[in-house]
Amino acid sequence: MKLQPLADRVLIRPIAAEEVTASGIIIPDSAKEKPLKGTVLAAGTGTKDEEMVVKEGDVVLYGKYAGTEVDLGAGDKVLIMRQNEILAIVK
Amino acid sequence: MKLQPLADRVLIRPIAAEEVTASGIIIPDSAKEKPLKGTVLAAGTGTKDEEMVVKEGDVVLYGKYAGTEVDLGAGDKVLIMRQNEILAIVK
Amino acid sequence: MKLQPLADRVLIRPIAAEEVTASGIIIPDSAKEKPLKGTVLAAGTGTKDEEMVVKEGDVVLYGKYAGTEVDLGAGDKVLIMRQNEILAIVK
Amino acid sequence: MKLQPLADRVLIRPIAAEEVTASGIIIPDSAKEKPLKGTVLAAGTGTKDEEMVVKEGDVVLYGKYAGTEVDLGAGDKVLIMRQNEILAIVK
Amino acid sequence: MKLQPLADRVLIRPIAAEEVTASGIIIPDSAKEKPLKGTVLAAGTGTKDEEMVVKEGDVVLYGKYAGTEVDLGAGDKVLIMRQNEILAIVK
Amino acid sequence: MKLQPLADRVLIRPIAAEEVTASGIIIPDSAKEKPLKGTVLAAGTGTKDEEMVVKEGDVVLYGKYAGTEVDLGAGDKVLIMRQNEILAIVK
Amino acid sequence: MKLQPLADRVLIRPIAAEEVTASGIIIPDSAKEKPLKGTVLAAGTGTKDEEMVVKEGDVVLYGKYAGTEVDLGAGDKVLIMRQNEILAIVK
């Protein structure tokens, strides 16, 4: 299933965070409230109010509760969110 | 009954999700919060603020609680939602 | 009493729904949450933000809680609602 | 006291509803939630967003809770409301 | 202390209402919910969205809870409110 | 520490109110809900929607809860607020 | 990890406040509700509604709850906030 996000939406594949540190300690929940990283798979065409800035291949930061999860099949889960929910591009 | 959606509304026929897996296990409710798929039957003419992008025949993803159900008769249920509630076009 | 709806309002005469099925079973309340049908009696002249699309004679679908009831006299009840509350035109 | 409503406001003298029917039965409260009738005494000059449509002498329908009551003296009570709260002009 | 109201604000000196009637009966609180009268002392220069209509010397009606009280000194209390809170000019 | 307020913000040094009257009576809290006075130390450059009207040196009135307190050092406390929160210029 | 903030967002490195005074007294929580200081690391390109004013190197004041914390790695925590949340530039 290939998806074309509508308007100012962006399709993002989350990059798994390393939740277990080198010493093997699991970071508690409260420490995970910081933004998450993902790779842009596809971007919408924008709207009158929101020109698209991110593009396919960009690695971006987004808030923990941003977007809606979509299962592309076989448990391959991606996110659809509005560009407005993206905090920054990781260079 | 044939319907012409008003303004930025879209008429969608839901595509039944395969809720029973190959092994016959019924997916529990929480797993069904992901978006649903449907086929666009008709699109409005848009508004000053919302140009129509989806068109008849498009398969689209939308949120579980998007739209209003309309019975076309004989239990043939479709949805009317705003284009803004559509997350992506499935290609 | 003849009414000229103001701005983007529309005057609608509800079409009685067939709430008793062929087999004489009364549809329970939850099943009645779907949209209702009505005939447009008169439409306003629109506003800067809302051009009028529906016109006298159109049969339209609207949500169960749309509009305000007006008694034209002798129990002849019609609805005044904003065009924005109309979901679709029935063709 | 003569009043010039400001902006998109309208001064309305309510028309007493016939709350006692021919048969002398008092209509219960729930039946009175429908719109009320009044005569326009004066209209504001409008705003950038709201052009005035109603004018002195128009009989209009408005919601039960629309407007603010003003006592012109000697118990002569009128209403000041925004034109936007007027549902329709009675012709 | 002389005040120049900012933007679309208006400085108003309330006109004391005759709360005791000819027969000496004090009007109860509920009856005082109607608008109050005041004299415009000064008006702001307006904003892009709100052109000033009232001017010094106008007697205006405003809602009971409109504005903020300012003590000009010696208990001389006036009100600062937005023009938008003024209901009508008394002619 | 010298501050340049951003956009439509204004830096204000509060003018201590005389809370003890001539007779030495302390005004109770409820009587202090009226606006406070301050001197403008610096004004932002404005925004597309808000042109700056107040300027350095103006004495202004503002609501009791307007703005955010900033300590310039050594307990020298000033306020940063939006121009929109200023009620009037004291002349 | 180098970050390019999106739209009207700004990347800020907080400047540690001296929470222990000369006499060694720890300032209680309530006293810390005043704005915090930080250095701008990077600014977005702005939006149609918000032109960027702050730039790399500016020292700025922002509210205690402004922005989202991002860990650049090795516990190097910075903030991403909208320019609108910045109160003033420290000169």
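This is a predicted model, so every value here is computed, not measured. Below, read A as the first sequence line, B as the second, and so on, with proteins coming before strands; counting in each chain starts at 1.
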Practice prompt. Identify the heavy atoms of E:Ala88 and D:Pro5 that sit nearest to each other, and give their distance.
Written response: CB-CA, 3.9 Å
Worksheet item: Which of the residues E:Val60, E:Asn84, E:Val53, E:Val59 is involved in the greatest number of heavy-atom pairs with chain D at under 4.5 angstrom?
Response: E:Asn84
Worksheet entry | Step-by-step side chain to side chain contact (heavy atoms under 4.5 Å, CB included) determination, E:Leu61 to D:Val70 | CA-CA 9 Å; E:Leu61 283 186; D:Val70 182; 3.5 Å; yes
Worksheet item: At what distance, to the nearest 0.5 angstrom, does CZ of D:Arg9 lie from CD1 of E:Ile86?
Response: 8.5 Å
Item to complete: Mark yes or no for whether D:Lys48, through its side chain, and E:Glu50, through its backbone, hold a donor-acceptor pair below 3.5 Å.
Response: no
Discussion item. Could you check whether any side-chain heavy atom of D:Thr68 comes within less than 4.5 Å of a side-chain heavy atom of E:Pro35, counting everything from C-beta outward?
Written reply: yes
Fill in: Side chain / backbone / both / neither for D:Leu3 at chain E, heavy atoms under 4.5 Å
both
Fill in: Spatial distance of atom CD (E:Glu51) from atom OG1 (D:Thr45) [nearest 0.5 Å]
8.5 Å
